[in-house]
Amino acid sequence: MNQDQIRHYLQMYLVVGSVNCKASDPITIVKAALSGGVTLVQFREKGADALQGADLLRLALQIQALCRAEGVPFIINDDVDLALEIDADGVHIGQDDENAAEVRDRIGDRILGVSAHTVSEARLAVQHGADYLGIGPIYPTHSKDDAHEVQGTAILCELRENGIHVPLVGIGGITEERAAEVIKAGADGVAVISAITEAKDVHETVVRMKSKVGNTLRER
Ligand SMILES: C=C1C=NC(C(F)(F)F)=NC1=N
Ligand SMILES: [Mg+2]
């Protein structure tokens, strides 16, 4: 997939799993987020009471169907086997998951996202064929209990200053108020968990956040 297409997808990136959906259920949240205009959805089922087996597969297929109906790509976090089993549009892997080069071989030209926390991790991921890099946590997050130390937007500037020009998406504690500064620092979009899954009005939150991202991208 070409880089401009990937950059477009990264603008308003929802990362969701049943564990993050307390106020409401994942399907209701994903429907409202899609109607608000999210441009990419990642199914990330992690944590103490994460779904497994048939329940996991059922929820993945349900969210995949909702995304497909809206023409929004659907990505699976970590689980390359599940992604291939249901023919997801891509996978997102961390530094502690399967080697990115091996995953690229397994998934063909599906979307490959890789988490990176330093310039050297970013360079390696790009060499191994990553289509985009997930960078963070930019701000303190309570969505990931083993998150790396908070990096602030400086990491985004540092990556761009060191010649990392592939599509980048920031993640970690990103809220509507913070979205613009993540884009100004060089990200092509924002990846969001609890600011959307715990929002009082999911649809409106996505609409507002997406318009702030779009306006800031145009001003850049
Ligand atoms: C650990 C992660 C880091 N970044 C991303 C994203 F921003 F979506 F690319 N997703 C993850 N699951
Ligand atoms: Mg992982």
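Indexing begins at 1, ligand by ligand and atom by atom, following the structure's order. In this chain, numbering begins with 1 at the start of the sequence shown.
Nearest protein heavy-atom neighbour of atom 7 (F) of ligand 1: A191 CB, 3.2 Å. Summary of contacts: the protein heavy atom closest to atom 9 (F) of ligand 1 is H92 CE1, 3.0 Å. Given atom 1 (C) of ligand 1, the protein heavy atom at minimum distance is S115 OG, 3.4 Å.
Between the side chains of S18 and E45, at least one donor N or O lies within less than 3.5 Å of an accepting N or O. Checked by atom type, the side-chain pair S115/H92 shows a donor-acceptor distance below 3.5 Å. A donor atom on one side chain and an acceptor atom on the other are not found under 3.5 Å apart for R58 and Q62.
Expressed to the nearest 10°, the angle at the Mg ion (ligand 2) joining OD2 in D97 with OD1 in D78 is 80°.
Between K31 and the choices T28, I27, I29, the side-chain contact (heavy atoms from CB on, under 4.5 Å) rule is met once, by I27.
Taking the six-membered ring for Trp and thresholds of 30 and 60 degrees, H117 and H148 have nearly parallel ring planes, at less than 30 degrees apart.
Backbone and side-chain nitrogen or oxygen atoms of Q42 are examined, and one is located within less than 3.5 angstrom of a nitrogen or oxygen of ligand 1.
The distance from ligand 1 to the heavy atoms of Y132 drops below 4.0 Å at these ligand atoms: 9 (F). Atoms of ligand 1 found under 4.0 Å from any heavy atom of G134, numbered from 1 in the order shown, are 4 (N), 7 (F), 9 (F). Near N77, the atoms of ligand 1 lying under 4.0 angstrom from a non-hydrogen atom of the residue are 12 (N). With ligand atoms numbered from 1 in the order given, ligand 1 contributes 8 (F) to contacts under 4.0 Å with heavy atoms of V15.
For the ligand labelled ligand 1, residue G94 lies outside the 4.0 Å heavy-atom shell.
When all heavy atoms of P167 and D131 are compared, the pair lying nearest together is CD-O, 3.5 Å.
With respect to the salt-bridge test (charged N to carboxylate O, under 4.0 angstrom), the residues D188 and R160 qualify.
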